[in-house]
Amino acid sequence: MTDQRITSTPIDPAKLDRLAEVAVKVGLGLRPGQDLLLTAPAIALPLVRRIAVHAYKAGAGIVTPILSDEEITLARYRHGHDNSFDRAAGWLYEGMAKAFSDNTARLAIVGDNPMLLSGEDPSKVARASKANSMAYQPALEKIVNFDTNWNIIAYPSPSWAKQVFPGDPEDVAIGKLADAIFAASRVDREDAMANWASHNAVLRERTNWLNGQRFRALQYSGPGTDLTIGLADGHEWEGGASLSKNGISCNANIPTEEVFTTPHCRRVYGHVVSSKPLSYQGTLIDNIAVRFEDGRIVDAKASRGAEVLNKVLDTDEGARRLGEVALVPHSSPISQSGLLFYNTLFDENAASHIALGQCYSKCFVNGAQLTPQQIAAQGGNQSLIHIDWMIGSAETDIDGILTDGSKVPVFRKGEWVK
């Protein structure tokens, strides 16, 4: 009976195991003796267990899982005292920060229902999010600065699957989402490790070319878009595998199709519209249209979710400025799937995008040696948030602007020129 249940699951166990192996070996590059801190929704326990197996086979010291649950999350919003929404478990994040300082690797599995909080009080959601962001800062700084090796992957939970495939029975929806995750994560074939090595090599070629150009800005044009994004002084493009400060090469996001860098937070001008909806904490924000002056969003609209968008922009001073610019071809596998995943890990890899908020110090020449003050002076943004949203499409053209003002074609009709 046990074997029959396993073989009838809509999630292919061989591919799930392959995802776990890729997460440990490619995503984290886990070293013998290194501890691993893992967070995941409780429903993802089958993947958590396979990760533990591969981590210990790779020589992990201690694997510590921390599980969340959708029903417990909803219980807080429906029964928690009002003043609790201005608090967060700071002690937990302080412990995480200490763990990362002690060379513990970080792995996050996403898979919760992206619209879980859509029926809850939006003011409580916003308050809890801000409190959590503030408490998370000590740990987040270690991650965004690549103090340690880290990785994010996904698990096809039933509630998420029904959001992506609402017209299908639950088991069919789970199977479809699982197949989409496996394909996007490049583990749908047996040679997953070699596939990732080849993919990382292509992304490295892209970053090498961009870093050789030393553009001072990128200029975007397309329907509803006329935008110039200045690039930070001493910026550096990244993509695919990155070297963390502890000397370990990791792929922070699985899947990944982007090459990205840090924009200059005070040198963004013009207007841009979103090319895909943004799913943010239970709200779908669609048809975002913003206008920048001197790097700051001075006007923001959306056909849906405008109230939530403006609450996000009011989080702090840095929330109205950019912390990341990323290039993704329209022909990326996730774009070609035609799916809206309602999850930034996937949706951001379907189109070129920008991110509001915190920058990555990794995206500077000698970034590991720069102080926060130096990063800010070179144009890096600081904020409690980091929210990616998509602006690229098959009609997007992008030019790189050199220091002498001349232009070099980078994208035409959503695709790389070179």
Is any side-chain N of the basic residue among [X] and [Y] closer than 4.0 Å to the acidic one's carboxylate O?
X: Glu120; Y: Arg78; result: yes
X: Asp314; Y: Arg320; result: yes
X: Arg267; Y: Asp233; result: yes
X: Arg206; Y: Glu257; result: no

Gap separating the [atom1] atom of [X] from the [atom2] atom of [Y], nearest 0.5 angstrom:
X: Asn251; Y: Leu28; atom1: CG; atom2: CG; answer: 10.0 Å
X: Asn113; Y: Ser279; atom1: CG; atom2: OG; answer: 9.0 Å
X: Asn195; Y: Arg186; atom1: CG; atom2: CZ; answer: 5.5 Å
X: Asn200; Y: Glu205; atom1: CG; atom2: CD; answer: 11.5 Å
X: Met390; Y: Asn349; atom1: CE; atom2: CG; answer: 9.5 Å
X: Leu203; Y: Leu327; atom1: CG; atom2: CG; answer: 11.5 Å

I'd like to know if the side chain of [X] reaches the main chain of [Y], judged simply by a donor and an acceptor atom lying under 3.5 Å from each other, with no hydrogens or angles considered.
X: Ser129; Y: Val125; result: no
X: Thr344; Y: Glu348; result: no
X: Arg204; Y: Ala241; result: yes
X: Ser303; Y: Asp286; result: yes
X: Gln34; Y: Asn103; result: yes
X: Asp397; Y: Lys413; result: yes
X: Gln219; Y: Thr228; result: no
X: Arg31; Y: Ala58; result: no
X: Asn381; Y: Cys359; result: no
X: Ser352; Y: Gly392; result: no

In short, ring-ring contact (aromatic ring centres under 6.0 Å, His included) pairs touching residues 112-158 with sequence neighbours left out are Tyr93-Tyr136, Phe146-Trp150
Provide the full list of ring-ring contact (aromatic ring centres under 6.0 Å, His included) pairs with a residue in residues 37-80, sequence neighbours left out, each pair given once.
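As it turns out, the ring-ring contact (aromatic ring centres under 6.0 Å, His included) pairs with a partner in residues 37-80, which skip direct neighbours, are Tyr77-Phe85.
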For the student: nearest non-hydrogen atoms of [X] and [Y], plus distance:
X: Ser185; Y: Leu19; value: CB-CD1, 4.0 Å
X: Ile334; Y: Ala350; value: CG2-CB, 3.8 Å
X: Ala40; Y: Leu38; value: CB-CD2, 4.0 Å
X: His199; Y: Thr256; value: NE2-O, 2.7 Å
X: Asp112; Y: Trp160; value: O-CB, 4.0 Å
X: Ala135; Y: Ala88; value: CB-CB, 3.7 Å

Side chains of [X] and [Y]: closer than 4.5 Å at any heavy-atom pair?
X: Leu37; Y: Phe100; value: yes
X: Pro277; Y: Leu340; value: yes
X: Ile391; Y: Thr225; value: no
X: Arg296; Y: Glu317; value: yes
X: His264; Y: Val268; value: no
X: Glu236; Y: Asn211; value: yes
X: Thr315; Y: Leu356; value: no
X: Ser332; Y: Glu258; value: no

Compute whether any side-chain donor of one residue and acceptor of the other, for [X] and [Y], lie under 3.5 angstrom apart.
X: Thr39; Y: Arg106; value: yes
X: Asn145; Y: Ser361; value: yes
X: Ser101; Y: Lys142; value: yes
X: Thr104; Y: Asp102; value: no

Problem - Audit row: Ser84, Arg87, side chain to side chain donor-acceptor pair (under 3.5 Å) steps and yes/no - result: CA-CA 5 Å; Ser84 73; Arg87 299 178 55 219; over 6 Å; no
If you count every heavy atom of other residues, nucleotides or ligands that lies below 6.0 Å from [X] atom [atom1], does the total exceed 12?
X: Glu395; atom1: CD; result: no
X: Met134; atom1: CE; result: no
X: Arg412; atom1: CZ; result: yes
X: Glu190; atom1: CD; result: no
X: Ile66; atom1: CD1; result: yes

By salt bridge (Lys or Arg N to Asp or Glu O under 4.0 Å), Arg18 pairs with (sequence neighbours left out) none
**OP:** Mind running side chain to side chain contact (heavy atoms under 4.5 Å, CB included) on Lys276 and Asp347 for me, showing each step along the way?
**Re:** CA-CA 8 Å; Lys276 294 179 183 294; Asp347 291 334; 5.6 Å; no
Notebook entry, point to check: Are Thr261 and Leu210 close enough, and set up right, to give a side chain to side chain contact (heavy atoms under 4.5 Å, CB included), and what steps lead you there?
Noted result: CA-CA 10 Å; Thr261 194; Leu210 287 164; over 6 Å; no
Those residues at least two apart in sequence (or on a different chain) that pass ring-ring contact (aromatic ring centres under 6.0 Å, His included) with Trp389 are none
Applying ring-ring contact (aromatic ring centres under 6.0 Å, His included) to His330 and not counting sequence neighbours gives none
side-chain hydrogen bond (donor to acceptor under 3.5 Å, both in side chains) partners of residues 161-171, not counting sequence neighbours, each pair once |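 Residue pairs passing side-chain hydrogen bond (donor to acceptor under 3.5 Å, both in side chains), neighbours aside: Asp168-Lys176.
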**Request:** Report yes if the distance between the aromatic ring centroids of Phe411 and Trp416 is under 6.0 Å, otherwise no.
**Result:**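 Yes, they do, as the ring centres are separated by less than 6.0 Å.
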Report task. Using the six-membered ring wherever Trp is involved, compare the ring planes of His386 and Tyr360 and label them parallel, tilted or perpendicular (cut-offs 30° and 60°). Result -> tilted
* Please lay out, stage by stage, how Asp82 and Arg127 fare under the test salt bridge (Lys or Arg N to Asp or Glu O under 4.0 Å). => CA-CA 10 Å; Asp82 184 72; Arg127 288 163 57 199; 3.1 Å; yes
